[in-house]
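As a basis for the values below, the full set of heavy atoms in this structure was taken, side chains included, without hydrogen atoms, waters or symmetry mates.
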Amino acid sequence: MRNSSRQKGGVLSVVFPEKRLYIQSGDSTKYIRFTPVSQALLTLSGTALLCVLTASTTLFVMDRLSSPNDVDEAVFLKSSYERRLDELAEERDIRTREARSAQDRFKVAMDQISEQQSIILESIEDRRELSLALGLMRERLEESVRQRDQISQVNDRLVEQINDVSDDLVRKQGNGEDLTEIVATVSSALTEAAAARDVANAEKAELEQKLAELELRALVNDRRNDEMVQQLEQTVAQSFEPLEKMMEKTNIDIEGVLASVRKSYSGTGGGDVATVTVSSRSFEGDLNERFNEVMLDLDRMNLLRVATSKIPYTNPVQSAYRFTSGFGYRRDPKGAGRRMHRGLDFAAAKGTDIHATADGVVESAKYESGYGYAIRIRHDFGFETLYAHLSKILVEPGQEVSRGEHIGDMGSTGRSTGVHLHYEVHLNDRPVNPMIYLEAAKDVF
């Protein structure tokens, strides 16, 4: 028996020589021993499993070939699925056109707001100049009144002198030369006083007319400003509400975001924000209070515009495309079972332009395993976007990009089954569904 077992072991040793798998951990080394018998058992098990799989596959194929109705049903389901995809693509194109139309209307409204804002500021400056002119006119009028009072006093003094002269005439009735001299002096003084009085009255009338004209211009200017402020209030309300609703739909902390943007754009001027420092203006009256409120609303709306430009609300593909996969668990197209799909897939022609969905800074632009040529952009408020499977990269790490900027071309590099864009959105380093932001902004951008 021992001899026969040794002979069998010898035969197995020839076919399956003993093997050892060495594992080194730190300073110690261990090994796993594979004897000829264990190797033979593993080989037999694998052969049996292969035979079972082959038989099952053969039976399945024969069953499918013997069931033409199932094949027809699969073809019908495939065609129905493709038709549904085409309908969804058409509906998406309609939504895209509507969104672009809404964006155009939004831009027109913003242009009108900027124009009316400039007109109102000019009107305020004109009103200030009118107020200054009115003040000067009032000062001149007061000066004329003072001069008139002085002339009146002179007239009173002349009357007193005339009375004195009359008394002297009574006392000096016999002296004709003195009387003639006195009458000439009084006549000359009266003539000068009358001339000065006439000049003062003429200046007063002219000043009163100019004052009335200035007050009329100020009244007309106030009415015009009231109409413009009213239009501006309506335009701001129409443009402000969609931005707030869009941010509320995506659970954005509006006040926190505005505080962050206000801190970044605290200076006067700048390229992106048409800020107005309302606190530096000093206005009075109901109209100016309304104007100050509108300016505050404009400042808030401009801050919202800046904030939305830094959040990935826009679509990375702006030409015709098809949604081929959504966010969530799905069957892996490479046959690796069910796996988490952390973004959206947009299918279109090779070379289709890919656009940045928000303002930000390029964090990386390189070939990544699985993603192929990929771009990662870091945005404010904890957002990051990923654009994968590109055929061409047009940006560099560290480069600042704007929303809508062309950053690359669509391709099929990396782990891909066809030409498409894989697009991801991360918030605080966690993947979120990009469709949330695209749906919230479809009627705004």
Legend entry - Test side-chain contact (heavy atoms from CB on, under 4.5 Å) applied to Ser309 and Arg305, step by step: CA-CA 6 Å; Ser309 69; Arg305 290 178 60 197; over 6 Å; no

Inset, instruction - Apply salt bridge (charged side-chain N to carboxylate O under 4.0 Å, His left out) to Glu439 and Lys249, showing your working. - result: CA-CA 9 Å; Glu439 285 291 328; Lys249 289 180 181 178; over 6 Å; no

Legend entry - salt bridge (charged side-chain N to carboxylate O under 4.0 Å, His left out) evaluation trace for Arg300 with Glu244: CA-CA 10 Å; Arg300 180 180 176 86; Glu244 267 202 339; 3.0 Å; yes

Inset, instruction - Give the C-alpha distance, both sets of side-chain angles, the deciding distance and a yes or no for side-chain contact (heavy atoms from CB on, under 4.5 Å) between Ile311 and Met247. - result: CA-CA 10 Å; Ile311 299 174; Met247 299 187 75; 4.1 Å; yes

Inset, instruction - Would you please test Val361 and Val401 for side-chain contact (heavy atoms from CB on, under 4.5 Å) and show each step? - result: CA-CA 6 Å; Val361 178; Val401 296; over 6 Å; no

Inset, instruction - Just do the side-chain contact (heavy atoms from CB on, under 4.5 Å) check on Asp345 and Leu421 with the steps written out, would you? - result: CA-CA 6 Å; Asp345 287 345; Leu421 167 71; over 6 Å; no

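Nearest approach of Leu394 to Gln399, heavy atoms of both residues: O-OE1, 4.5 Å. When every heavy atom of Tyr371 is checked against every heavy atom of Arg376, the shortest pair comes out as CE1-NH2, 3.7 Å. Taking each heavy atom of Ala358 and Thr314 in turn, the nearest pair found is N-OG1, 4.5 Å. The two atoms that bring Ile377 and Ala356 nearest to each other are CD1-CB, 4.1 Å, heavy atoms only.
In this structure, the side chains of Thr308 and Met246 come closer than 4.5 Å at one or more pairs of heavy atoms. Side-chain contact between Met410 and Val419: present, with at least one pair of heavy atoms (C-beta onward) separated by less than 4.5 Å. The side-chain heavy atoms of Ile254 and Glu248, taken from C-beta on, include a pair separated by under 4.5 Å. Residues Leu304 and Leu258 are in side-chain contact: their nearest non-hydrogen atoms beyond the backbone lie under 4.5 Å apart. Between Ile393 and Ile407 there is no side-chain heavy-atom pair separated by less than 4.5 Å. Between Tyr423 and Leu386, every side-chain heavy-atom pair lies at or beyond the 4.5 Å cut-off. Contact of the Leu438 side chain with the Tyr313 side chain is not registered, since no non-hydrogen atoms from C-beta on lie closer than 4.5 Å. No side-chain heavy atom of Ile375 sits less than 4.5 Å from a side-chain heavy atom of Tyr373.
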Side-chain donor/acceptor pairs under 3.5 Å, residues 426-435, sequence neighbours excluded:
residue	atom	partner	partner atom	Å
His426	NE2	Glu424	OE1	2.8
Asn433	OD1	Met435	N	3.1

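Between the side chain of Thr413 and the backbone N or O of Gly372, no donor-acceptor pair lies under 3.5 Å. When atom types are taken as modelled, the side chain of Glu405 and the backbone of Ser402 share a donor-acceptor pair closer than 3.5 angstrom. The closest donor-acceptor contact from the side chain of His341 to the backbone of Gly326 lies under 3.5 Å. Distance alone, capped at 3.5 Å, places no donor-acceptor pair between the Thr352 side chain and the Ala348 backbone.
Here the NE2-CG distance, from His406 to Asp353, works out to 3.5 Å after rounding to the nearest 0.5 Å.
Within a 6.0 Å radius of CD in Glu87, more than 12 heavy atoms belonging to other residues, nucleotides or ligands are found.
Ring-plane geometry between Phe346 and Phe323 is classed as tilted, the angle between the planes lying from 30 to 60 degrees on a 0 to 90 degree scale.
Applying the side-chain hydrogen bond (donor to acceptor under 3.5 Å, both in side chains) test to residues at least two apart or on different chains, the pairs with a partner in residues 380-390 are Thr357-Tyr387, Arg378-Glu384, His379-Thr385, Thr385-Tyr387.
Residues satisfying the side chain to side chain contact (heavy atoms under 4.5 Å, CB included) criterion with Ser391, sequence neighbours excluded, are Lys350, Asp409.
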